[in-house]
Number of protein chains: 2
Amino acid sequence: MPDNPISQSGQSLLFLTDEQLRKGIEAMFFAYRGFTADPDRILADMEYGRAHHRAIHFIHRSPGTTVNNLLSILGVTKQSLNRVLRTLIEDGLVESRVGKEDKRERHLHLTQKGAELERSLSDAQRDRMRAAYRAAGPIAVAGFRQVLEAMMDQDLRRHYDTLKDRGA
Amino acid sequence: MPDNPISQSGQSLLFLTDEQLRKGIEAMFFAYRGFTADPDRILADMEYGRAHHRAIHFIHRSPGTTVNNLLSILGVTKQSLNRVLRTLIEDGLVESRVGKEDKRERHLHLTQKGAELERSLSDAQRDRMRAAYRAAGPIAVAGFRQVLEAMMDQDLRRHYDTLKDRGA
DNA sequence: GAGGATAAGTCAGCCTTGTTGACATTCCAA
DNA sequence: TTGGAATGTCAACAAGGCTGACTTATCCTC
């Protein structure tokens with residue numbers, strides 16, 4: 001974390017007032033609605049919901065991930081995930097392969113069809129993010145990421161970092 | 001929006017790569033879980049959920065707001081809001097007053113008891129935000145807010161700004 | 001004053017997505 | 001061979017979204 005001249009001075013801790021914090025809370029609330037709006041619109045036309053989007057996203061992100069790993073990333077019960085996963089497998093969007101080393105495990109992959117849906121969902125979501133990033137500029141984006149990362153629970157942060165490392 | 005030397009240069013638009021955007025998307029996902037975790041824990045012990053929290057928050061924020069106004073802030077149907085509001089009124093957390101000028105309207109206020117719950121919920125949520133803000137510093141916080149604001153839909157942004165103006 | 005518009009509330013029924021709890025199956029490893 | 005781990009499944013339930021239809025009360029306008 002970079003030192004900060006303002007907070008270091010002991011003065012001007014105004015960004016920590018309850019008023020500032022409340023604005024941040026409301027910004028999170030309204031922004032998250034925008035964040036999910038575009039994929040939700042696409043999914044509404046199908047028989048899928050946000051839970052399907054999440055599963056598809058993380059299977060795409062970590063091809064071959066096990067059900068257990070996905071469970072701990074998503075933070076839901078296996079029954080809840082299983083319902084979603086079952087429909088995705090039935091509909092031919094996700095493939096479940098028995099593990100080679102440990103045959104109890106199932107490794108999850110997107111099919112061609114699944115990858116196409118993933119693409120259309122993430123395109124929609126990225127378009128909005130891209131517009132926001134462009135409007136705010138790279139310095140703001142860095143701050144955005146810093147604050148979000150500091151808001152995560154430790155175990156969520158671990159998942160986030162693991163995913164991050166694989167990526168860029 | 002301040003000019004930005006990096007993006008202005010036409011070079012180094014690296015912060016707009018799909019990889020960067022995906023990281024931002026995942027940061028939003030994991031951070032939002034943290035964002036709601038603390039109030040959720042408090043609410044789980046009561047017969048309330050996140051929907052009650054949202055209603056309480058915005059009634060606190062805009063005392064005397066009408067049902068219609070609350071509906072458009074929350075972006076849900078009146079049936080959905082009504083279910084929540086009814087329990088809050090029955091339990092004596094919210095008071096509904098007939099409008100003076102227009103008697104069709106109901107103006108919503110938190111009772112003493114409602115204000116107490118609001119306080120405990122927002123204390124919990126603010127604690128986490130404060131820690132994140134402090135860890136990231138004021139410049140990061142400014143960027144955080146900038147990006148979130150740029151992610152909002154126009155009508156959400158309007159509500160956000162209206163609330164913001166009343167506050168600080 | 002009548003009629004249409006508006007604000008709020010309500011009933012019924014549906015869907016998604018979360019939860020518990022119980023239990024079966026399969027397979028690895030001690 | 002037996003215990004535990006990973007997975008899958010059934011049943012039941014709850015929160016909180018949704019639509020549609022309808023009532024009541026209150027404006028507001030012609």
Side-chain angles (χ1 to χ4, degrees), chain A residues 29 32-33 36-37 39-59 64-91 94-109, chain B residues 29 32-33 36-37 39-59 64-91 94-109:
Chain A
F29 172 72
Y32 199 78
R33 291 255 300 279
T36 57
D40 281 356
R41 258 188 292 274
I42 294 173
L43 292 160
D45 295 336
M46 323 176 65
E47 57 207 18
Y48 297 139
R50 206 176 288 177
H52 299 84
H53 181 193
R54 290 198 281 260
I56 287 173
H57 175 95
F58 287 109
I59 293 171
T65 184
T66 62
V67 172
N68 244 7
N69 184 46
L70 200 51
L71 278 178
S72 84
I73 289 175
L74 296 175
V76 297
T77 59
K78 65 177 173 175
Q79 293 91 332
S80 200
L81 174 58
N82 193 255
R83 181 169 36 203
V84 163
L85 228 38
R86 191 169 35 201
T87 68
L88 291 175
I89 292 169
E90 280 170 6
D91 296 348
V94 168
E95 195 186 347
S96 170
R97 300 181 196 157
V98 174
K100 284 177 186 168
E101 300 187 353
D102 186 336
K103 292 180 186 171
R104 289 168 302 179
E105 295 181 340
R106 300 300 136 92
H107 298 276
L108 303 169
H109 298 263
Chain B
F29 172 71
Y32 199 78
R33 292 254 299 279
T36 57
D40 281 357
R41 259 188 293 274
I42 294 171
L43 291 160
D45 296 335
M46 324 175 64
E47 58 207 16
Y48 297 139
R50 206 175 289 176
H52 299 84
H53 181 193
R54 291 197 282 260
I56 287 173
H57 174 95
F58 287 109
I59 293 171
T65 184
T66 63
V67 173
N68 247 2
N69 184 45
L70 198 53
L71 278 178
S72 84
I73 288 175
L74 296 174
V76 297
T77 59
K78 67 175 173 177
Q79 294 91 329
S80 203
L81 174 59
N82 193 255
R83 182 168 35 198
V84 164
L85 226 39
R86 190 168 35 197
T87 68
L88 291 175
I89 291 169
E90 279 170 5
D91 296 349
V94 169
E95 194 188 348
S96 170
R97 300 181 196 156
V98 173
K100 282 178 188 168
E101 300 190 350
D102 187 336
K103 292 179 187 170
R104 290 171 302 178
E105 296 180 340
R106 301 299 136 91
H107 298 276
L108 303 170
H109 298 264

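Per chain, numbering begins at 1; letters A, B, ... match sequence-line order. For the numbers below, each heavy atom of this structure counts, side chains included, while hydrogens, waters and symmetry mates do not. Computed from a predicted model, the values in this text were never measured in an experiment.
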For this session: Sequence neighbours left out, what passes side-chain hydrogen bond (donor to acceptor under 3.5 Å, both in side chains) with A:His52? Give chain and number order.
Result: A:Thr87
Problem set entry | Upstream residue (5' side of DNA chain C) when A:Ala51 and B:Arg83 are each assigned their closest nucleotide | B:Arg83
Problem set entry | Non-neighbouring partners of B:Asn82 that pass side chain to side chain contact (heavy atoms under 4.5 Å, CB included), sequence neighbours left out | B:Arg86
Problem set entry | Protein-nucleotide distance (A:Ile56, atom CD1; C:dT17, atom P), rounded to Å | 11 Å
Exercise. D:dA11 P sits how many Å from A:Arg86 CZ, rounded?
Worked result: 11 Å
For this session: With sequence neighbours left out, write down each residue that passes side-chain hydrogen bond (donor to acceptor under 3.5 Å, both in side chains) with A:Gln79, or none if nothing qualifies.
Result: none
Exercise. What residue pairs, at least two apart or across chains, pass salt bridge (Lys or Arg N to Asp or Glu O under 4.0 Å) with a residue in residues 45-58 of chain A?
Worked result: A:Asp40-A:Arg50
Exercise. Which nucleotides of nucleotides 25-30 of chain D have their base under 4.0 Å from a protein heavy atom (B), which only their sugar-phosphate (S), and which neither (-), written as one string 5' to 3'?
Worked result: BBS---
Look for any protein N or O under 3.5 Å of an N or O in nucleotides 19-22 of chain D and output each such pair with its distance, or none.
{"from": "D:dG20", "atom 1": "N7", "to": "B:Gln79", "atom 2": "NE2", "distance (Å)": "3.4"}
{"from": "D:dG20", "atom 1": "O6", "to": "B:Gln79", "atom 2": "NE2", "distance (Å)": "2.6"}

Seminar exercise, completed: Residue set satisfying side-chain hydrogen bond (donor to acceptor under 3.5 Å, both in side chains) with B:Ser96, at least two apart, ordered chain then number -> none
Problem set entry | ring-ring contact (aromatic ring centres under 6.0 Å, His included) partners of A:Phe58, counting only residues at least two apart | B:Phe29, B:Phe30
Exercise. Listed by chain and number, what are the side-chain hydrogen bond (donor to acceptor under 3.5 Å, both in side chains) partners of B:His107, not counting sequence neighbours?
Worked result: none
